[in-house]
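One-based numbering, in listed order, for ligands and for the atoms of each. Since the model is a prediction, treat every value here as computed from it, not as a measurement. All residue numbers in this chain count up from 1 along the given sequence.
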Amino acid sequence: MKHQHFFAGCLAIAATALGIGSTGAQDTIKIGLVMPMTGTVGAAGQEVAAAIKLYMAQHGDTVAGKKIEILLRDDGSVPDNGKRLAQELIVNDHVAILGAGTTPSAMSMAPIATEAKVPTVVMISGTSVVTERSPYYVRTCFTLGQHSGIIADWAIKDGSRKAVSVLSDWAPGAEAGKVFEQHFTAGGGQLFETLKVPLANPDFAPFLQRARDLKPDTLFVFVPAGQAGAFAKQFAERGLDKSGIKLVGPGDIVDDNDLNGTGDSLVGVVTAGFYSAAHPSQLNKDYVAAYAKATGGKRANFISVGGYDGMHLIYEALKKTGGSADADKLLAAMKGMSWESPRGPVSIDPATRDIVQNVYIRKVEKKDGEPWAVEFAAFEAVKDPLHPAVK
Ligand code: PHB
């Protein structure tokens, strides 16, 4: 009797390993997420994870007859961990799809995704070059280039001529600065200096002092998700909010997750961004309400939307392939896909596998006592300007 049980058990394990049987492995699609859940950009990974959980609560955990299983791994905001974790997820856990987070981690994972042919949805990284690192990479978030040229053009139109850039010193900061400078100087402006602030535990004060001493009329700033609050505090402490120097930047500097805690210090600041919690569509109002309910009252921010839409892309692609997780079929299904996101209409550029989306010009205004980035102009279907295929 005992032996029979043991034998039956062995068969069941073997059958599962081979994907045989009605509840076998082929009925489950595993998605491995490599996100910064702790460390320098830890808030971002948590926002993506919360949005994915929300998407699955709203849409169910079965799509095209397949059960979706999420395997979430924390890269600790350390680039090389991304590579190791992706490898483990593929080799040991047999994930069919990966989700990638920030630029350094996504860069380190790219050769692994390519070699194993694993479709990977990039949900946080804003650096153009990332999607060129693997033919299996598709981005649902944003690029800094998408926003930095538009805000430069807006600043020129608004009378800015003398700018100083203050940039977080890593790849997305470099791209933001490069595109801002191209557009600002092409418009007749002058960039006095580019100041680079360390990514980890930044002290903005000396850079803000230096920027002020250069007497620009405009400050172009990029700090990543999760640093807007600390930046706003030091900006106000040095009296820059009342100095007459215009502060502009990509939407990261008015991250909705931090904005609510910045009081009056960012009121009037104009940014170019793809997402504001104040975006007036019904879909977004519902998203903001559902996200707040699911997270104990947090405001949905631009990072969360990259995760929410990443999950949407995976679900819709699986519907198109009839539940097949074959890499080439999934990639074909994802390329050219368009949908209505909480941010507005979006699509995946079939040539670059990058997100095409509206970029809005927004001004921080107080409504019911809270600061919000209120949209007042829109540029439609904006592509990343740095991809060779786009130039
Ligand atoms: C990135 O990983 O490229 C990144 C992360 C957070 C941001 C912007 C860019 O706010």
Original post:
With a distance cut-off below 6.0 Å to the six-membered ring centre and an angular limit of 45° from the axis, does R362 pair with W372 as a cation-pi contact?
Top reply: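 No, cation not above the ring by the 6.0 Å, 45° rule.
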How far is [atom] from the closest protein heavy atom, and which atom is that?
atom                   : result
atom 4 (C) of ligand 1 : W170 CH2, 3.7 Å
atom 8 (C) of ligand 1 : D252 OD2, 3.3 Å
atom 3 (O) of ligand 1 : T103 OG1, 2.5 Å

Just so I know, are the side chains of [X] and [Y] near enough to count as touching, which here means a heavy-atom distance under 4.5 Å?
X    : Y    : answer
D241 : D264 : no
R133 : V130 : no
Q146 : K383 : no

Subject >> Main-chain N/O of G226 paired to D255 side chain as donor or acceptor, under 3.5 Å >> reply: yes
Any idea which atoms of ligand 1 are less than 4.0 Å away from a heavy-atom of [X]?
X    : answer
P224 : 6 (C), 7 (C), 10 (O)
F222 : 8 (C)
F302 : 10 (O)

Report yes if some N/O of [X] lies less than 3.5 Å from some N/O of ligand 1; otherwise report no.
X    : value
T102 : no
F142 : no
P172 : no

Original post:
So, does V41 sit close enough to ligand 1 that a heavy atom of it is under 4.0 Å from the ligand?
Top reply: no
Subject >> Close approach, S125 and ligand 1, non-hydrogen under 4.0 angstrom >> reply: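 Flag set, S125 near ligand 1.
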**OP:** Quick one: which residue pairs count as a side chain to side chain donor-acceptor pair (under 3.5 Å) with a foot in residues 183-194, not counting sequence neighbours?
**Re:**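 Of all non-adjacent pairs touching residues 183-194, those that pass side chain to side chain donor-acceptor pair (under 3.5 Å) are D153-H183, E193-R210.
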**OP:** Write down the atom of S125, the atom of T103, and the distance for their closest heavy-atom approach.
**Re:** OG-OG1, 2.7 Å
Subject >> From CA spacing to verdict: salt bridge (Lys or Arg N to Asp or Glu O under 4.0 Å), K233, E237 >> reply: CA-CA 6 Å; K233 192 164 172 279; E237 275 169 8; 3.2 Å; yes
